[in-house]
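Keep in mind that what you see is a predicted model, and the values were worked out from it rather than measured.
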Amino acid sequence: MHIYLVGGAVRDALMGLPVKDRDWVVVGATPQQMVAQGYTPVGRDFPVFLHPRTREEYALARTERKTAPGYRGFTVHADPDVTLEQDLERRDLRINAMALDARDLAADGGFDAATDRLIDPFNGRIDLQRKLLRHVGDAFGEDPVRILRVARFAARFADFEVAHDTMDLMRSMVARGEVQALVAERVWQELSGGLMQARPSRMLEVLHACGALPILLPELQPELSGGGAAVEVERLQRVDRAARLQFALPLRFACLLLGTAQPPAIARLCERLRVAGDCRALAELAAREHACIDASGTLDARALLLLLERCDAFRKPERFAQLLQVCACAAGAWEDRPYAPHARLLAALFAAQSIATQTVALQAQAAGLVGHQVGVQIHAERMAAIAHALAGSN
């Protein structure tokens, strides 16, 4: 039995990047042998085990054979006779198909990229030096998830280019309908991962170049009669600005959709991809209200209060603050100028929050008001507080 460190950990170490997750491949072992040594089986589709102490994943070396469309249409062969090179050959990119013998590693798992023996049958190190994202072999074309993975890697390593033959292969996969076989959860997993990289726009550019974007995200396709090219550039700039500002995923997702999709289209997209609830809520809110927020400098106290109520700002002030961040990002604020509506809207919210609603409700009830009338009284008190705050700022 031989154990090897493989994939992203080797790649990142060679690039001088911090290694966050380590994956291991075991050659020459059976599932029974792994269990006998204290490993815990966790793999559903192929044999994967958790180390008894570190809890890192150890997978038996395996090969795969395509049997049906989509990324689940494979038969896995994981036997002791599968070699390390056969396992590496089924991987997506050459930069992810390198390995190190565990016996060469230090006790803490570290290694010296200059002196330790690198197992690199597909010249992944050369592709690292050339800054190329190139597929390992023909098996790449059997798994449509790899289109998404290449796009995500392009967003992470923004100075890397997709090799021409890899792009041609991705286009052929799209043409024969492989992308339609992707399941929603996996699409969202890869798209959200790409949005959290340094240059999310690169993910969109790669998906557009291979023809997958209109299939995966048809709601983002701008109308040609509406200056589509300008809209596209603006979207790319916006998602990259959100990344520079280190926004969380819900804000980046809202920035992606802002101005290019209306709430009904966003709802359809989120339902189809089973998007996380916090991402969907903020994206729909931003699409519905960003124009009003941009123009809020002209609103009086009544209109400002109605805007705050529509945004549910009193119950969810944190989400309202995120909404303002999204709108500011779309306006290009924080880089060369402040976002004008920000201070005014927060001042209005703070003034309205200063009203002790429970006290107002008790006073209204004492005066004989009930039900909806109590809410009207609270609304009036909040509007007066906002008007007073606006008058004081003039």
Indicate whether any N or O donor in one side chain lies under 3.5 Å from an N or O acceptor in the other, for [X] and [Y].
X      : Y      : value
Asn96  : Arg11  : yes
His342 : Gln325 : no
Tyr4   : Asp23  : no
Trp24  : Glu56  : yes

When rounded to the nearest 0.5 angstrom, what distance separates [atom1] in [X] from [atom2] in [Y]?
X      : Y      : atom1 : atom2 : answer
Gln322 : Leu282 : CD    : CG    : 5.5 Å
Met167 : Leu133 : CE    : CG    : 9.5 Å
Met173 : Met170 : CE    : CE    : 8.0 Å

Sub-3.5 Å donor-acceptor pair from the side chain of [X] to the main-chain atoms of [Y], do we have one?
X      : Y      : value
Ser296 : Pro341 : no
Asp120 : Gly124 : yes
Thr30  : Gln33  : yes
Arg235 : Leu220 : yes
Asp79  : Asp81  : no
Arg268 : Pro263 : no

Charged N to carboxylate O below 4.0 Å: is that the case for [X] and [Y]?
X      : Y      : result
Glu161 : Arg134 : no
Glu284 : Arg280 : yes
Asp300 : Arg302 : no

Practice problem: Step through it carefully: locate the ring centre of Phe253, locate the ring centre of Trp188, and say whether they are under 6.0 Å apart. | Solution: yes
Exercise. Flag the pair Tyr39 / Tyr58 as yes when their ring centroid distance falls below 6.0 Å, and as no otherwise.
Key: yes
Quick check: closest heavy atoms across [X] and [Y], and the distance to 0.1 Å?
X      : Y      : result
Leu285 : Cys311 : CD1-CA, 3.9 Å
Ala389 : Ala351 : CB-CB, 3.8 Å
His290 : Cys327 : CB-SG, 3.6 Å
Ala99  : Leu88  : CB-CD1, 4.3 Å
Ala286 : Leu323 : CA-CD1, 3.5 Å
Arg252 : Gln246 : NH2-CA, 3.8 Å

Count the heavy atoms belonging to other residues, nucleotides or ligands that lie under 6.0 Å from [atom1] of [X], then report whether that count exceeds 12.
X      : atom1 : answer
Arg176 : CZ    : yes
Asp138 : CG    : no
Arg315 : CZ    : no
Arg274 : CZ    : no

Quiz item: Within a strict 4.5 Å, meaning less than it, do heavy atoms of the Phe314 and Glu309 side chains meet?
Solution: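 Touching, per the 4.5 Å side-chain cut-off.
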Exercise. Compare all side-chain heavy atoms of Val136 with those of Asp92 and state whether any distance is below 4.5 angstrom.
Key: no
Practice problem: Could you walk me through whether Glu57 and Arg22 pass salt bridge (Lys or Arg N to Asp or Glu O under 4.0 Å), step by step? | Solution: CA-CA 8 Å; Glu57 291 191 352; Arg22 301 189 300 178; over 6 Å; no
Quiz item: Cation over ring, Arg149 on Phe140, under 6.0 Å and within 45°?
Solution: no
